[in-house]
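Please read the structure below before turning to the comments.
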Amino acid sequence: MATKTRIVGIAMDFSPTSKLALRWAVDNLINRGDQIIIINVEPPNADHTRKELFAENGSPLVPMEELREINFTKQYGIARDPEVIDILDTASRTKGAKAMAKVYWGDPREKLCSAVEDLHLDSLVVGSRGLGPIKRVLMGSVSKHVVTNASCPVTVVKGK
């Protein structure tokens with residue numbers, strides 16, 4: 001019986017914990033033919049050439065080929081991260097997964113929850129930075145908010 005290909009979102013801020021979450025997803029969650037969407041949320045005050053066009057609903061979906069290009073980095077202000085590209089290449093090679101990326105601007109808690117709806121995600125994977133209780137109260141835990149409010153299953157991958 002063929003299984004339905006799923007769309008799995010991975011919250012990516014290029015921190016070690018978000019890369020850990022990406023690795024975990026590729027190793028444990030992604031099946032043959034699934035679609036991986038890297039979701040990056042930039043601060044609302046970030047100043048990028050494409051932001052005015054896409055501030056409301058986020059950037060168009062960016063295919064893997066464009067992620068590799070320095071031009072993409074300049075347009076969206078995202079770090080071109082060889083480690084992330086390598087993990088995605090491996091997922092594509094070993095599991096036939098199709099990787100894409102999307103950039104949003106704003107509060108990561110709200111934008112990740114709306115991305116679930118926008119992108120029709122079957123699942124979302126987020127890294128947890130493991131903030132102490134004081135910082136969590138001050139900053140609000142993104143992972144906790146997303147687990148509570150997202151309309152799809154959410155996996156939180158804890159940092160080492």
Side-chain angles (χ1 to χ4, degrees), residues 3-31 33-48 50-64 66-67 72 75-79 81 83-85 87-88 91 95 97-160:
T3 51
K4 172 187 172 299
T5 60
R6 295 166 309 153
I7 303 172
V8 178
I10 298 162
M12 177 57 60
D13 62 4
F14 302 98
S15 66
T17 319
S18 67
K19 291 178 190 180
L20 198 68
L22 173 59
R23 268 186 213 286
W24 184 89
V26 168
D27 293 344
N28 298 287
L29 197 61
I30 301 299
N31 295 324
D34 283 350
Q35 189 177 8
I36 301 169
I37 302 179
I38 297 294
I39 301 165
N40 176 259
V41 182
E42 291 288 299
N45 59 355
D47 186 31
H48 306 304
R50 294 292 172 101
K51 184 186 159 192
E52 268 81 72
L53 283 171
F54 305 120
E56 192 61 37
N57 299 312
S59 73
L61 280 173
V62 178
M64 191 63 204
E66 271 186 64
L67 268 181
F72 173 77
Q75 286 176 348
Y76 295 101
I78 292 181
D81 193 298
E83 190 184 348
V84 169
I85 289 171
I87 298 167
L88 293 172
K95 299 192 174 188
K98 188 176 172 201
M100 308 186 98
K102 186 164 171 95
V103 184
Y104 292 92
W105 289 268
D107 181 330
R109 290 170 293 210
E110 290 162 22
K111 292 298 180 178
L112 287 170
C113 287
S114 58
V116 169
E117 304 292 324
D118 286 355
L119 303 169
H120 307 289
L121 298 182
D122 295 298
S123 180
L124 176 65
V125 180
V126 295
S128 167
R129 287 184 306 194
L131 299 173
I134 307 292
K135 266 195 176 151
R136 206 170 26 250
V137 168
L138 292 173
M139 295 166 65
S141 166
V142 171
S143 53
K144 184 172 189 245
H145 180 88
V146 173
V147 165
T148 309
N149 296 289
S151 60
C152 74
V154 177
T155 304
V156 179
V157 178
K158 285 190 168 182
K160 297 256 183 284

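Starting from 1, each residue takes its place in the sequence as its number.
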Nearest 0.5 Å, what's the [atom1]-[atom2] distance between [X] and [Y]?
| X | Y | atom1 | atom2 | answer |
| --- | --- | --- | --- | --- |
| Ile39 | Tyr104 | CD1 | OH | 6.0 Å |
| Ser59 | Glu42 | OG | CD | 10.5 Å |
| Leu29 | Ser123 | CG | OG | 4.5 Å |

By side-chain contact (heavy atoms from CB on, under 4.5 Å), which residues pair with Ser18, not counting sequence neighbours? Met12, Asp13, Ser15

Which residues satisfy the side-chain contact (heavy atoms from CB on, under 4.5 Å) test with Ile85, sequence neighbours excluded? Met64, Arg68, Arg80, Asp89

Show the nearest heavy-atom pair for residues [X] and [Y], with the distance to one decimal.
| X | Y | result |
| --- | --- | --- |
| Leu61 | Lys102 | CD2-CB, 4.1 Å |
| Val126 | Leu112 | CG1-CD1, 4.4 Å |
| Leu22 | Ile87 | CG-CG2, 3.7 Å |
| Val116 | Ala150 | CG2-CB, 4.1 Å |

Run the side-chain hydrogen bond (donor to acceptor under 3.5 Å, both in side chains) test against [X] and tell me which residues pass, sequence neighbours left out.
| X | answer |
| --- | --- |
| Lys98 | none |
| Asp34 | Arg6 |
| Asp27 | none |
| Asn57 | none |

[Y] and [X], any side-chain heavy atoms less than 4.5 Å apart:
| X | Y | result |
| --- | --- | --- |
| Asp122 | Val8 | no |
| Ile38 | Leu88 | yes |
| Val26 | Ile36 | yes |
| Asp81 | Lys19 | yes |
| Val156 | Val125 | no |

Which residue pairs pass the salt bridge (charged side-chain N to carboxylate O under 4.0 Å, His left out) test with at least one member in residues 111-120, sequence neighbours excluded?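 Qualifying pairs, neighbours excluded: none.
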
